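Order of the sequence lines fixes the chain letters, A, B, ..., with proteins taken first and strands second; residue numbering starts at 1 for each chain. Quantities reported herein were computed from a predicted structural model and do not represent experimental measurements.
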Protein chains: 2
Amino acid sequence: MKLEEAKRNFVEAWGTLGTNWGINRTMAQIHALLLVSEEPLSTDEIMEILDISRGNTNMNMRALIDWGLAERKIKLGERMEFFIGEKDIWKVAVKIISERRKREIDPLRTTLRDLKLIDDKTEKKEEYQKFIKLLDDIDKLAESTDKVADKMVSADKNWFFNSMMKLIVK
Amino acid sequence: MKLEEAKRNFVEAWGTLGTNWGINRTMAQIHALLLVSEEPLSTDEIMEILDISRGNTNMNMRALIDWGLAERKIKLGERMEFFIGEKDIWKVAVKIISERRKREIDPLRTTLRDLKLIDDKTEKKEEYQKFIKLLDDIDKLAESTDKVADKMVSADKNWFFNSMMKLIVK
DNA sequence: CTGAACTTTCAAAATATTTTGAAAGATTTA
DNA sequence: TAAATCTTTCAAAATATTTTGAAAGTTCAG
């Protein structure tokens, strides 16, 4: 396998994987392409390489920028915009985790809190308590996840790998 | 809000959330319904409550069993099958994590390994090394995730919450 | 200004996923 | 063994998501 071929395969594989992570195929492929590109790429280059339309490229490029996984790069003297991907894979992971937290954990916890506002506390006491326990248990897990995500954002790669090492070895 | 209403809302909320976790809406709703049901439920009851077809119920019920999130329960003297959900939310989380690991991390790591089999090591030396570094970095993250998932499966709830606490507080 | 170069939007088309429901398959009872 | 009861399958229909591409919008050099 040649380097170029391996890169192409990587773009495809990343596209497939993205689907499992709330990132659509094209968005993941553009991201992968930027990851393996030495130079910033223009919209036209991305369209050409991935064989997708201008609209599709534009929408997914904006989504990537919105997620903090890519940014615009203006080249002096060039009218066109170029894009570069976040190359540090640790930062990529942190960005994806933060974004998902924002979109999933926060709304989940809000919903759980609302559900606890049950007013027939006196009826079906046992059933009521079991339900509240379920909500609390889910919230506890969500809280842990949330806090770890929070810590990841402020801490760094080494902190993470050291912590994981301790966690696993013990 | 009454208890029954809160439970209905929970089923809906869980359904929405599931979508983000590779679990389709119906599958997540059936799961939520089983979570809040004191008694085992039959296919007909699930169909009735969630207002879905028999085929849909059957397929998603099997998926839940496959994921280890529900099991069949035979009632003596009853012809019909009943289903119960895994009530321990910690175990639910562990099951989902294990399942996703099996479906995502393992294949990812295999792909990464294959991609490293590039034979033009001599050409474009720097570009080659950067690409290999990217693959290695992704693999390192995947490995950590994998090991933690592994540990979660064999360890228990308390271990998890204690570890998380230490991670966060420090 | 004006027009060329580029970016953004969005309705319609293409594609992918989920759901239905009727038919076929099992299993148990009489 | 036949009928009744329940489970499973799967092609077709319904829904949901993604992609296209042409038109509208924006920016900027001349």
Side-chain angles (χ1 to χ4, degrees), chain A residues 11-12 14-34 40-67 69-84 100 103-104, chain B residues 11-12 14-34 40-67 69-84 100 103-104:
Chain A
V11 171
E12 277 177 23
W14 204 242
T16 307
L17 192 80
T19 309
N20 301 322
W21 286 89
I23 295 169
N24 76 44
R25 207 179 61 225
T26 304
M27 183 172 160
Q29 284 185 348
I30 295 179
H31 179 236
L33 182 60
L34 294 176
L41 297 177
S42 66
T43 297
D44 287 270
E45 285 167 320
I46 295 170
M47 285 169 62
E48 161 79 20
I49 298 172
L50 298 180
D51 191 21
I52 56 178
S53 73
R54 186 171 300 282
N56 196 6
T57 306
N58 186 269
M59 281 180 132
N60 284 295
M61 217 38 254
R62 313 189 108 236
L64 282 173
I65 291 168
D66 185 44
W67 280 61
L69 295 174
E71 58 184 49
R72 284 173 214 281
K73 165 94 186 175
I74 307 299
K75 283 194 191 174
L76 280 178
E78 292 260 24
R79 185 77 172 276
M80 226 183 272
E81 288 181 339
F82 289 80
F83 302 97
I84 54 179
R100 294 199 60 170
R103 291 169 198 226
E104 293 166 28
Chain B
V11 171
E12 275 177 24
W14 204 242
T16 306
L17 192 80
T19 308
N20 301 320
W21 286 89
I23 294 170
N24 76 44
R25 206 179 65 226
T26 303
M27 182 171 162
Q29 284 184 348
I30 296 178
H31 179 236
L33 182 61
L34 294 176
L41 297 177
S42 66
T43 297
D44 287 271
E45 286 168 318
I46 295 170
M47 285 169 63
E48 162 78 20
I49 299 171
L50 298 181
D51 191 21
I52 55 176
S53 73
R54 187 171 298 281
N56 197 7
T57 306
N58 186 269
M59 281 181 131
N60 284 294
M61 219 35 256
R62 315 190 104 233
L64 282 172
I65 291 169
D66 185 44
W67 280 61
L69 295 173
E71 57 182 50
R72 285 173 213 280
K73 165 95 185 175
I74 307 301
K75 282 193 190 175
L76 280 179
E78 292 261 24
R79 187 76 172 275
M80 226 181 275
E81 288 181 337
F82 290 80
F83 302 96
I84 53 178
R100 294 199 59 170
R103 289 167 200 229
E104 294 165 30

Between [X] and [Y], what is the shortest heavy-atom contact and its length?
X	Y	result
B:P40	B:K73	CG-CG, 4.1 Å
A:L17	B:E104	CD1-O, 4.2 Å
A:V11	A:A32	CA-CB, 3.7 Å

Q. Who are the side-chain contact (heavy atoms from CB on, under 4.5 Å) partners of B:R72, not counting sequence neighbours?
A. B:R62, B:I65, B:E81, B:F83

**Q.** Residues that B:R25 engages under side chain to side chain donor-acceptor pair (under 3.5 Å), provided they are two or more places apart
**A.** none

Roughly how many Å is it from [atom1] in [X] to [atom2] in [N], rounded to a whole number?
X	N	atom1	atom2	value
B:N60	D:dT7	CG	C1'	15 Å
B:D44	D:dA4	CG	C1'	15 Å
B:M80	D:dA4	CE	P	17 Å
A:E81	D:dT27	CD	C1'	11 Å
B:F83	D:dT8	CZ	C1'	11 Å

Q: Map A:R79 and A:T26 onto DNA chain D by nearest heavy atom, then report which one ends up closer to the 5' terminus.
A: A:T26

(Q) By nearest heavy atom, map A:N56 and A:E78 onto DNA chain C; which one lands nearer the 5' end? (A) A:E78

Q. Does A:R54 or A:T19 map to a spot on DNA chain C nearer the 5' end, using the closest nucleotide for each?
A. A:R54

Q: Establish, yes or no, whether the cationic atom of B:R100 lies under 6.0 Å from the six-membered ring centre of A:W21 and within 45° of the ring axis.
A: yes

**Q.** First and last nucleotide of DNA chain C, 5' to 3', lying under 4.0 Å from heavy atoms of chain A
**A.** C:dA4 to C:dC10

Q: Would you please confirm or rule out a distance under 4.0 Å between OP1 or OP2 of D:dT8 and any side-chain N or O of B:N58?
A: yes

